[in-house]
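Chain A is the first sequence line, chain B the second, and so forth, proteins listed ahead of strands; every chain is numbered from 1. These numbers come from the heavy atoms of this one structure, side chains and all, not from hydrogens, waters or symmetry mates. Quantities reported herein were computed from a predicted structural model and do not represent experimental measurements.
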Number of protein chains: 2
Amino acid sequence: MGREKQFSEAAVLEDVADLFALHGYQGTSLATLLAATGLGKQSLYNSFGDKRALYLKSVECSAARFQPLEAEMQGAPSGRAALVAYFDHLVGKCDSDALADKSCIVAAGLLEGVDDPLIVETLRAKWAGLRELLRDTVERGQKDGSLRNPAPAAALADLLLVVTAGLRVNARADFGTARLQSSVGLALSMLDNDSLLEATRGPPEGPH
Amino acid sequence: MGREKQFSEAAVLEDVADLFALHGYQGTSLATLLAATGLGKQSLYNSFGDKRALYLKSVECSAARFQPLEAEMQGAPSGRAALVAYFDHLVGKCDSDALADKSCIVAAGLLEGVDDPLIVETLRAKWAGLRELLRDTVERGQKDGSLRNPAPAAALADLLLVVTAGLRVNARADFGTARLQSSVGLALSMLDNDSLLEATRGPPEGPH
DNA sequence: ACTGTAGTTGACCGATCAGTCCAATACCGC
DNA sequence: GCGGTATTGGACTGATCGGTCAACTACAGT
């Protein structure tokens, strides 16, 4: 019964996620959201709740958008090919005309230093989820022989996480796509490195 | 003539820089600044101007605080040792009790997506300056033989920049110091890698 | 001690913040 | 058509935003 919504919740959520990725949680005002989505304040509150809830939902939306890539990675012929696809996707988005693509809502949110503990915990969980995906992929590459670096997969995944986040910052610093790709290439070559190479300093490895 | 200031501008600027690093430019309100520094609004405006000017000055202050490390790097016995000192400093700060140390005002500011073009340009310039330092250090390491990766120093510096920024994000994600150090170790091992390493895109299976 | 100058304090400003309330509207089932 | 329900737009709230103003205070030079 009643009137039907005159917008697609999913589409709005995607726009919102872009804005949050671009300007962060605190840096995105309701007014900005309203102007970008074109809908009224009450419609937004009816559908998604307050700003916090909207943000959390847009994080989920962002994660959902990531799923096709995840599938592509799992369908890749080797662990290494999966990682190439992953970074291709990452760098490719930085080349997009839409500058919103240059950002990651999770990485931006983590670095932003929000106070809200629920938000922080959610972002950490998403980041940990990505880490698991990367760790599994690295492990797979080590098993299928496409990655010859014998360091613990978890440690390599941590570094790939570092690269993922760092690429975003460099993209903001106006580095061209070519330079981002070069960085990715070097990072991948590290995964290929089969010389001794254990962490030259610090603990032998992290917790298993 | 007149009354003398009852605070040290330099000390205040350091506190302010910590706050900006922690919560970003947009995320740090005047009220927060006032409460943390303990001084009145007008004192702050008299000494530093408006929020934007204060931010820019705190960025400079942050860069100045970096100088001792830069000197240490230049005094290091080798290019590689200089980079070890650099990352030791970086990771060491993440271990600090003060969580403000876990952040970098430049990296945070870049990822934050501020609109102000002067701020963005300033941050980009600082980031580029750090890149030059890293490039020179890598070059030095390649010449003195402490770094065996023959890839272009500029490309390696880009990746070290990526690592620098990414470490900050992982630190926010509550990764322990051990895991950060492990990531640094792997990144350094990449610099030691003397196998193939072509820049952008590696062959599926290296002809090793 | 007087005077001029600089620093400090707190009241105050309009704009914007996130969020609420309510009346008007449009639609579904009947 | 009619009744009920969900959506919508606009007015409105108190809090906070960055920033200004003027009165007050403390000190240096004379």
Side-chain angles (χ1 to χ4, degrees), chain A residues 1-13 15-17 19-59 105 108-109 112-120 122, chain B residues 1-13 15-17 19-59 105 108-109 112-120 122:
Chain A
M1 309 180 172
R3 189 172 170 178
E4 54 206 27
K5 281 180 181 162
Q6 296 185 325
F7 59 91
S8 151
E9 286 201 11
V12 165
L13 220 43
D15 291 349
V16 167
L19 286 175
F20 276 133
L22 198 52
H23 297 114
Y25 176 64
Q26 330 191 60
T28 308
S29 73
L30 264 295
T32 306
L33 263 1
L34 265 35
T37 59
L39 38 75
K41 195 176 284 196
Q42 198 59 246
S43 304
L44 200 148
Y45 272 83
N46 281 345
S47 295
F48 307 105
D50 64 4
K51 187 185 178 185
R52 207 231 313 234
L54 174 60
Y55 179 75
L56 292 172
K57 280 175 184 163
S58 76
V59 169
I105 191 172
E112 194 183 348
V114 187
D115 275 335
D116 192 310
L118 176 58
I119 288 184
V120 172
T122 302
Chain B
M1 310 175 176
R3 188 172 171 178
E4 53 205 31
K5 282 181 179 159
Q6 296 184 323
F7 59 92
S8 153
E9 285 201 12
V12 164
L13 219 44
D15 290 350
V16 168
L19 286 176
F20 275 133
L22 198 52
H23 297 113
Y25 175 65
Q26 331 192 58
T28 309
S29 73
L30 264 297
T32 306
L33 264 359
L34 265 34
T37 60
L39 38 74
K41 196 176 282 196
Q42 198 59 244
S43 303
L44 200 148
Y45 272 83
N46 281 345
S47 295
F48 307 104
D50 64 3
K51 188 186 179 186
R52 208 238 305 241
L54 175 60
Y55 179 75
L56 292 172
K57 279 174 184 164
S58 76
V59 169
I105 190 171
E112 193 183 348
V114 187
D115 275 336
D116 193 310
L118 176 58
I119 289 184
V120 172
T122 303

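S29(B) has no side-chain polar atom (N or O) that falls below the 4.0 Å cut-off from OP1 or OP2 of dT16(D).
For the pair L39(A) CG and dT7(D) C1', the interatomic distance rounds to 11 Å; values are reported in whole Å. Computed from coordinates, the E9(A) CD to dT7(D) C1' distance equals 12 Å when rounded to whole Å. Distance, K5(B) NZ to dA28(D) P: 15 Å, rounded to whole Å. One atom, CD of Q26(B), and another, C1' of dT16(D), lie 16 Å apart when rounded to the nearest Å. The interatomic distance linking L33(A) (CG) with dG19(C) (P) rounds to 11 Å, in whole Å. Look at CG on N46(A): it is 18 Å from P on dT25(C), rounded to the nearest Å. Protein atom CZ of R52(A) is 14 Å distant from nucleotide atom C1' of dG19(C), rounded to whole Å. Between the C1' atom of dC17(D) and the CG atom of D115(B) lies a distance of 16 Å, rounded to the nearest Å.
At a cut-off of 3.5 angstrom, the base of dG19(D) holds no donor-acceptor pair with the side chain of K51(B).
A cation-pi contact links K51(B) to Y25(B), judged by a cut-off of 6.0 Å to the six-membered ring centre and 45° from its axis.
Between Q26(A) and H23(B), the shortest heavy-atom contact is NE2-O, 4.0 Å.
Within the nucleic acid shown, D50(B) comes within 4.0 Å of sugar-phosphate atoms alone, with no base atom in reach, counting heavy atoms only. Here S43(A) lies in heavy-atom contact (under 4.0 Å) with sugar-phosphate atoms only. T28(A) comes within 4.0 angstrom of the backbone, heavy atoms only, and of no base.
Ranked by how close their nearest DNA chain D nucleotide is to the 5' end, Q6(B) and Y25(B) are led by Y25(B).
Between the K5(B) side chain and the S43(B) main chain, no donor and acceptor come within less than 3.5 Å of each other. In this structure a side-chain-to-backbone donor-acceptor pair under 3.5 Å is present from T37(A) to L33(A).
The side chain of K41(A) has dA18(C) as its nearest neighbour among dG19(D), dT8(D), dA18(C). With distances taken from any side-chain atom of E4(B) to the nucleotides dG19(D), dT8(C), dA28(D), the minimum falls on dA28(D). Of the candidates dG19(C), dT7(D), dT20(D), the closest approach to any side-chain atom of L30(A) belongs to dG19(C).
Put simply, CG on L56(B) and CZ on F48(B) are 13.0 Å apart, with the number rounded to the nearest 0.5 Å.
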